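Worksheet for the structure shown next.
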Amino acid sequence: MTRGIFARALASGRGRAGLALLGAVALLACVGPWLSTHGPNHSDFAAGIAPDGGPVGPCRAHLLGTDHLFRDELSRLGHGARFSLFVAVTATLLSSLIAAVVGTVAGWTAGTRLAAIDHAAMRLVDVLLSFPYLLLVMAIGAALDRTGALTVLLVLGATGWLGTARIVRAKTMALRSEGYVEAARALGGTAPHVLRAHVAPNVAGTVLALSVASIASMILAESVLSYLAVGVEPPTATLGRMLQEGQAALTLRPRLVALPGAVILASVLGFGLVGEALRAAQASEDRRA
Amino acid sequence: MRRLAWLVAALGALGCSAEVSPPLGDRDAAVPVRGGTLRMASFTDVRSLDAAVAFDEVSHALESLIYATLVTLSPTGEIEPELVESWTVDEARTRYVFRLRAGVVMQDGHPLTADDVKRSIERALSPDTPCPVASFYERILGFSDYASRRASTLRGVEVLGDHLFAVSLSEPDATLLAVLSLPIVAPVCRSAGRAFDREFSLHPCGAGPFRLERWEPGRQVNFRRFDGYFRPGLPYLDRIEWALAVPQFTQRFRFEAGEQDFLHDFTSADLWRYRASPAWRGRGEWEPAKAVHSFFMNTELPPFDDVHVRRAVAFAIDRDEIARLRPGETMTMSRLIPPAVPGHDPSPGQRFDLARAREELAKAGYAFDPSTGRGGYPKEIDYACVGDSFDQQAAEVYQQQLARIGVRIRVKTRAWSAYLAETSRRRTTPMGSDGWAMDFPDPSDFFEPILSTRAIGDEDSQNRAFWSNPAFDALLAEARRAQDFDARMRLYRRAEQLVIDEAPWVMVYTKRWFNLHHPYVGGFAVNPSRTQDVGRVWIDQATRARALGRRAELPFSRLAKGALAARWP
């Protein structure tokens, strides 16, 4: 069923447009660093200077020019896109897994003699929703004495599942009263078996649609953290940091802001469009069912 | 295409134009005029307006408006009378007698007396006052007893009459008059009391040309003219509005819109644009380079407890690369005393030599083979700096340079307060950015507060390298006592050579500030010891009003045209 939803979503205009944008970003992440002969953290002072005394602009040695520290912009952009995609996708996988487990268990136990589990899970969601994740990142970073990719990934993963868990819970509660689920339970199916065989497949489409849209939020969140200098440590190239570093030269070298900004925009828009197409396909599937 | 043109025009209107706007006003304000409000801004915030406590550059500029000092520095850096009109010194050069100017009124309406001077000095140097540079005054007789609470008053400051006081020293000190020019010991009103109280910072009161009108921490500080100021006819301005914590690129747009009269904090790109703009040619003043920017290596922590590692690091730094990050503003420095300070030696001190760097590292037992990348110091070393600063940019370049000799550093960015706390705590931070800006034009300012053994403490240590060298301390003590200028300079050169050889610091660059103002601002002159000294400027309000009126009439189409002309670099 999920495969069908996926195929329908990708056949839509929005889905195709989203995939095209994501393909472009993925191409940049794969090919960008390969096209550049310079590492993302290497300052090429030998490349000379621009007429204004600043770092060189686009030229044969540096196709997209260099940044304020004379580092190759293309190489940093490619590594930045890689980093952002890796963190966003991995954090989303983590958060989706947590959301699916918590939401399904809470929805299954709601209104039963195990309702305490549901109450506990939903209160936890309430508490975490009220906790600013910026503060959490800084606290974890301070506790670990460094903010690395793993810190950012774990924080985003650990705080990104809340909304999805609530939706999965509602969906599970609705599925529980479906005839085929009640029949499976009446035939002696244990809770884990019924959840695995009958509930999970029906929840998977919703989780998938929400997850793809959530990757866009994760990319933005990671960029915000880097922009505010509470993300990974320098000199790691990230899209948010490139944006922040480029803003001081906004009037002189707008490309330093425009390029990472465009990659963030394309990634967020791409995942948003694909997520929206998946949601529409899922809604259509639900209506048919 | 039309849509694109509109987009570009809209961006231009929002201030994304590549060109800078021309100066506001068609003629220079050559003749002093009374009245008007000067609008200033700073990139940083201030923590306090209490003269005894706040000691950073922006605080210094603000304090110079509220407080008048005992003596001051002339534009050429010589000591001049301010609140004291004259002084004498005995033959042993250990007792100075000062006569206060008669008729000086403090901002609370009380006349200034010698009692106020003694009370203000004792308040600033009290052990309960977190004065960052109390050690500048440690040669005042009885300082150590007073600082350790063995005495309730500072014996070396005596009141001899209403307008007469004396300062006695435990030994000759060639820097006494220079340190009396600092706002730290400027007379404060009786409302400040005898003991330090944080509340005073909210209602600061001195004998300066402006009184505080309103202070919103992190946003704005406003001043109003003090009509009782002791210099007749001054100040010219009615008010000064000083915006705080305003990003550099925001300041540029405020300046161009006529919402800010004076520009001091530039992004590198904007500075270049103003300097290159024909409309601004011949305008603006450079301040002399009076700071040294460096990084420290903690000599109490491995691997920097080995002088060979420190020397290796010093040899591995290519200062030319750092200077290229902000051309025009930053200049390489390989010695401790900056160009604007007496005693500066233009000859090279620490120098870039990769072969020597690897040699020194090998002597320490960490030989490195650049062809294979094997060897070097085996652990990663933390380098502390303030985040989102030029220091961070420099650190990212040091990281690459040190990797060439097999020393790997990790750049740890911190907020300003966390950076200060961590780096000044004993046995905590192996290396990090450092530096010192001139407080008064004397080389002693660049040695004693930052590298002497006395400057070491378990907490709040000013000597962040925790470097202690008896020979160095002895040279400083001798230089402080010496009264002959040339002899003193020779001693400081020897002390400087010790720093170069022992490398507790790696001196890298110096920076100079550029000041720009619209033509309707008159009377600005670069001050030798503080930035943004605007206490005596005036504003030609008629010219400003005309210029702003003309700017308001500028049709949108012209703004859009300007934006469309901007090229994509």
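Please read these numbers as outputs of a predicted model, since none were measured by experiment. Naming convention: chains lettered A, B, ... in sequence-line order (proteins, then strands); numbering from 1 in each chain. Values reported hereafter were calculated over all heavy atoms of this structure, with side chains retained and with hydrogens, waters and symmetry mates removed.
Heavy-atom pairs under 4.5 Å with chain A peak, among B:Gln392, B:Arg326, B:Gln393, at B:Gln393. Note: B:Gln399 leads B:Gln399, B:Arg275, B:Gln248 in heavy-atom pairs under 4.5 Å with chain A.
Contact check for B:Glu321 versus A:Ser43: no side-chain heavy atoms found under the 4.5 Å cut-off. At a threshold of 4.5 Å between non-hydrogen side-chain atoms, the residues B:Glu396 and A:Leu69 count as touching. Counting only heavy atoms from C-beta outward, the side chains of B:Ile322 and A:Phe45 never approach each other to under 4.5 Å. Side-chain contact between A:Pro235 and B:Val411 is absent, with no heavy-atom pair separated by less than 4.5 Å.
Only the side chain of B:Val397 comes within less than 4.5 Å of a heavy atom of chain A; its backbone N, CA, C and O stay farther away.
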Test log, rule salt bridge (charged side-chain N to carboxylate O under 4.0 Å, His left out), inputs A:Glu233 and B:Arg410
CA-CA 9 Å; A:Glu233 290 174 342; B:Arg410 171 195 162 210; 2.6 Å; yes
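Across A:Gln244 and B:Asp388, no two heavy atoms sit closer than the pair NE2-OD1, 2.6 Å.
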